[in-house]
Asks: 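This is the structure I have questions about; it appears just below.
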Amino acid sequence: MNPLILGIESSCDETGIALYHSERGLLAHTLHSQIALHNEYGGVVPELASRDHVRHALPLLRSALQNAGCTLRDIDAVAYTRGPGLSGALLVGASIACALAYSLNLPTIGVHHLEGHLLSPLLSDPAPKFPFVALLVSGGHTQLMRVDGVGRYTLLGESVDDAAGEAFDKSAKLLGLDYPGGALLAKLAQTGVPGRFRLPRPMLHSGDLDFSFSGLKTAVLLAAQQNPTDPQTRADIAHAAQEAIVDVLVSKAQNALKQCKLHQLVVAGGVGANRLLRERLQTAVSQRGGKVFYPDLEFCTDNGAMIAFAGAMRLQHQDARRDYRFNVKPRWDLQALNYAE
Ligand code: KG4
Ligand code: ZN
């Protein structure tokens, strides 16, 4: 049987719906971003996020079905993001998924959001082959994982404080940019003068694969306070901040490949959309004969396709249930997912 999986993502500020067919691939995906909604608050407001997921999930589902030329009756399993994320937001997706599955008598699969990101480059062509090293860089996580297969994940290192996306966003905020500021900071950095500011690269030489980014925002704050606030200076600081973050990510990712004796690097999560990071990783990894894989740009940030796809992978391993009670996991260790050896 080639099942059709419905995927529902609602862990933070994007409502994503997708239909993935295990033979025909991704049939449709629809997305609603809440960025405009949270913009004026300078960050995600959890209660507003939950309400907005309620508003958009079913209309998005309807258009995904229409785009795919399917009906609810064609669906064979319902995958949803069970965690980690904002609990109210997760509950919206989980309750819709479980109610739909109950009414259609289908199995449900509670997907780990990071597993969705981690496997998302497999939706692209060419796709990486197991085993590979994955650099997960999102607004909430910065992790290096060794991936030996679906459900076979080993944490190699992670941020001890802020995530890379958080470092981008907080630096952007200090420079007066809107939330989330990662992409805006990258844009501002394009007009920055290289070398005018030199910001710290915390833990660059720590000898392990962990990261620390919280010191960077203090350095950005000081640079912003101690200098005039003209547009060129802001661009120069943005340039230095991006250089610092990218330097650390590239260096640690290279070390991880070396340590694991692997040649394929998969980059997933919103910060994976960053152009400088992509260029530098490409150069560094190809120099030692390796290859970098990214999800398509639209699947770097949160989306339903990665959840439907991870659900399909899980279903192959018979990880679905027909128990419609649900509880979400706002905090959830990715390694807890591993299949028994
Ligand atoms: O994976 P994601 O969509 O959501 C989470 O699961 O967190 O990642 C969002 C993060 C935000 O911090 C955002 O600023 C950052 O990804 N981001 C970028 C870029 N595009 C998105 N950071 C740097 N450069 C970009 N081009
Ligand atoms: Zn994410």
Side-chain angles (χ1 to χ4, degrees), residues 7-16 18 29 31-35 38-39 42-44 46 49 80-86 89-90 93 111-121 134-143 145 158-159 162-175 177-190 192 211 213 216-217 220 238-239 241-250 266-281 294-307 309-310 330-332 334:
I8 303 178
E9 154 65 27
S10 73
S11 66
C12 188
D13 57 350
E14 255 109 23
T15 321
H29 75 103
L31 188 77
H32 173 75
S33 165
Q34 304 178 353
I35 283 180
H38 301 292
N39 196 354
V44 176
Y80 63 95
T81 307
R82 190 176 176 203
L86 303 169
L90 290 166
V111 171
H112 193 294
H113 181 81
L114 294 182
E115 182 174 41
H117 276 304
L118 199 75
L119 299 177
S120 62
L135 173 66
L136 276 178
V137 272
S138 71
H141 294 85
T142 301
Q143 296 184 330
M145 312 277 311
E158 63 184 334
S159 177
D162 291 354
E166 226 174 329
F168 267 107
D169 294 343
K170 287 179 176 170
S171 302
K173 196 171 182 176
L174 291 167
L175 294 172
L177 300 171
D178 280 347
Y179 181 88
L184 297 173
L185 185 137
K187 189 156 182 272
L188 182 61
Q190 282 174 8
F211 306 84
F213 288 109
L216 189 69
K217 63 174 183 285
V220 169
H239 189 281
Q242 178 173 243
E243 287 284 337
I245 299 168
V246 167
D247 254 9
V248 179
L249 292 174
V250 171
V266 157
V267 183
V271 181
N274 185 274
R275 272 225 331 249
L276 185 74
L277 178 66
R278 287 181 169 226
E279 285 167 19
R280 294 272 168 88
L281 280 175
Y294 300 96
D296 292 344
L297 260 187
E298 60 181 332
F299 302 136
C300 270
T301 46
D302 292 348
N303 64 85
M306 67 183 195
I307 301 305
F309 181 72
R331 287 172 172 273
W332 194 3
L334 185 59

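Just follow the structure's listing: the first ligand is 1, and inside any ligand the first atom is 1. All of these numbers come straight from a predicted model, not from anything done at the bench.
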Asks: List the closest protein heavy-atom neighbour of atom 22 (N) of ligand 1: residue, atom name, distance to the nearest 0.1 Å.
Replies: Gly182 CA, 3.5 Å
Asks: Is the His117 ring parallel, tilted or perpendicular to the His113 ring (thresholds 30°, 60°)?
Replies: perpendicular
Asks: Nearest to atom 20 (N) of ligand 1, what protein heavy atom do you find, and at what distance?
Replies: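 Heavy-atom neighbour on the protein nearest atom 20 (N) of ligand 1: Gly270 O, 3.5 Å.
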Asks: For Cys12, is the nearest heavy atom under 4.0 Å from an atom of ligand 1?
Replies: no
Asks: Have a look at ligand 1 and work out which part of Arg275, if any, has a heavy atom under 4.0 Å from it: side chain, backbone, both or neither.
Replies: neither
Asks: Report, as a single number, the protein N, O or S atoms less than 2.8 Å from the Zn ion (ligand 2).
Replies: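 That number is 3, waters not included.
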Asks: Applying a heavy-atom cut-off of 4.0 Å, say which part of His141 lies close to ligand 1: side chain, backbone, both or neither.
Replies: neither
Asks: Among protein heavy atoms, which lies nearest atom 2 (P) of ligand 1, and at what distance?
Replies: Asp302 OD1, 3.5 Å
Asks: Examine ligand 1 and decide if any of its atoms is less than 4.0 Å from a heavy atom belonging to His117.
Replies: yes
Asks: The criterion is salt bridge (charged side-chain N to carboxylate O under 4.0 Å, His left out); which residues satisfy it with Glu243, sequence neighbours excluded?
Replies: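 With neighbours one apart ignored, the set is Arg280.
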Asks: State the atoms of ligand 1, each with its element, that fall below the 4.0 Å cut-off from a heavy-atom position in Thr301.
Replies: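 Once the distances to Thr301 are compared, the set is 3 (O).
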Asks: Quick one: which of Val267, Leu281, Asn274, Leu277 gives a side-chain contact (heavy atoms from CB on, under 4.5 Å) with Leu249?
Replies: Leu277
Asks: For atom 7 (O) of ligand 1, what is the closest protein heavy atom, and at what distance to 0.1 Å?
Replies: Gly139 N, 2.7 Å
Asks: Which residue and non-hydrogen atom of the protein lie closest to atom 11 (C) of ligand 1, and at what distance in Å?
Replies: Asp169 OD2, 3.5 Å
